[in-house]
Amino acid sequence: MFAGRNNGRPRRCIFYILAFLFSQFLFILIFLRSESFDNVPFRQQIKHDNDSWDHYLDWREFISYTSERSAKFYLYNLNLSNTLGVIRKLPSTRHYSCGYRPRKLPPPSKANVSVVISFHNEARSMLLRTIVSLLARTPEDHLHELILVDDGSQDVTLLNDLRRWMGGVFGARHRLGLQFLANRERMGLIWSRNRGASLASGHYVLFLDSHCEVNEGWLEPLLERLALNPQLAVSPVLDPIDPLTLAYRKGNELLKGGFDWSLHFHWLRRQLAEKELPEMPFKSPAFAGGILMMSREWFLKLGGFNSYLKIWGGESIELATKLWLCGGQIEIVPCSRIGHIFRRRHAFDFPPQSDAQETYLHVRLI
Ligand SMILES: *[C@@H]1O[C@H](CO)[C@@H](O)[C@H](O)[C@H]1NC(C)=O
Ligand SMILES: *[C@@H]1O[C@H](CO)[C@@H](O)[C@H](O)[C@H]1NC(C)=O
């Protein structure tokens, strides 16, 4: 009896040690899972057409037509962009709780989005990465259509090549609506966005720039907010992508957008209220960047962007003011992240005898 006890003690001891190690292992496993929740590989993301994965890799031919332009022309690292691949894994920059909180989303038939991308002299690799990251990281049911507007790019075969490439990748199986529009001459971002929105048929319209990479789960938090208030316009937090290294960094969720009496945009510090967490959606006087999403009907009812604004600049402040005056509201949603290249200066020319400010501060006699 005694002997049996003495034998049992070390065994029990080993059992406890093993049980302890196992529980630690389980704990680490659970922790890692919640950490990597946002980093599901791209391949698993495109459940609907796994077999077209090879097409995604096959972008060499498409980008090889990039015109003989230097990196100086684009003001970002073109060579690096061409070697990064059509999609890359991005770090998860939002708060970890954003990924596993259940979301109350309306059905896709009541909440789908038309994405409008207007571009002017964008490098092919950059434009394609914007599009593919969007298609790979957006729930298929909620993505109604993609409207691409070529605003007078010098690369004249770009739009047709893009049409062919996307046709090859998606074929007829995909029910995503695709529209390829070309302006006869350079009309500017504002005009192009209005044109895209007027041809859209989805419930919501999202205006996206052509040098972006959307991050995992970017759409759901925005849809959730819009479902609560149809007069809302929402914007993700923009994660800066470095123009030289193309490194993807975490954007600051403690900044909101504002402007002064000369209609210059300014970042304003966001003051957290008591019990307000940084990852919660917050109100902002203006959009912190040009990427925004709202009900298409509401956008058209507000008259879209003022069509007297030229090229670029001022449009988001103008829309913000109209929203205010007509009972709308802007919200920035930190659980939604979109990477965006912030260039040090404009990569394009403004019309002769004007600068950025003149495109929106000018007198018009009607
Ligand atoms: C980019 O690539 C081109 C051709 O492949 C090469 O001539 C050029 O030197 C490269 N530029 C940089 C900055 O690496
Ligand atoms: C998308 O939304 C529009 C407008 O609400 C609706 O007419 C259309 O049927 C929706 N599409 C799908 C596929 O549910």
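Just so it is clear, the structure is predicted and the values come from calculations on it, not from any experiment. Position 1 is the first residue of the sequence; numbering continues from there. Whatever order the structure lists them in is the order used to number ligands and atoms, beginning at 1.
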Just which atoms of ligand 2 are under 4.0 Å from any heavy atom in S201?
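Selected atoms, number and element: 3 (C), 4 (C).
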
Considering only heavy atoms of H144, which atoms of ligand 2 have at least one such atom less than 4.0 Å away?
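Listed by number with element: 1 (C), 11 (N).
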
Looking only at distances, can you tell me whether any N or O atom of R296, backbone or side chain, sits closer than 3.5 Å to an N or O atom of ligand 2?
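N/O-N/O distance under 3.5 Å: no.
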
Could you tell me whether R270 and E276 make a salt bridge, using a distance below 4.0 angstrom between a side-chain N and a carboxylate O?
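The answer is yes: the pair qualifies as a salt bridge.
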
Please check if any side-chain donor atom of S97 sits under 3.5 Å from a side-chain acceptor atom of H95, or the reverse.
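Their side chains do contain a donor-acceptor pair, which is all the 3.5 Å distance test asks for.
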
Test salt bridge (Lys or Arg N to Asp or Glu O under 4.0 Å) applied to R337 and E220, E216, E253, the passing residue:
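Filter result, single survivor: E253.
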
Assigning hydrophobic clusters by single linkage (Ile, Leu, Val, Met, Phe, Trp, Tyr; side-chain heavy-atom cutoff under 4.5 Å), is V113 placed with L178?
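V113 and L178: one cluster.
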
Applying a strict under-4.5 Å side-chain criterion to I, L, V, M, F, W and Y, I'd like to know whether Y204 and V333 cluster together.
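Yes, it is one cluster - the side chains of Y204 and V333 are joined through contacts under 4.5 Å.
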
How close does the nearest protein non-hydrogen atom get to atom 1 (C) of ligand 2, and which residue and atom is it?
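Among all protein heavy atoms, the one nearest atom 1 (C) of ligand 2 is N112 ND2, 1.6 Å.
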
What protein heavy atom is closest to atom 5 (O) of ligand 2, reported as residue, atom name and distance in Å?
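The closest heavy atom on the protein side is H203 CB, 3.7 Å.
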
Does atom 14 (O) of ligand 2 have a protein heavy-atom neighbour under 4.0 Å away?
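For atom 14 (O) of ligand 2 the answer is yes, since some protein heavy atom falls inside 4.0 Å.
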
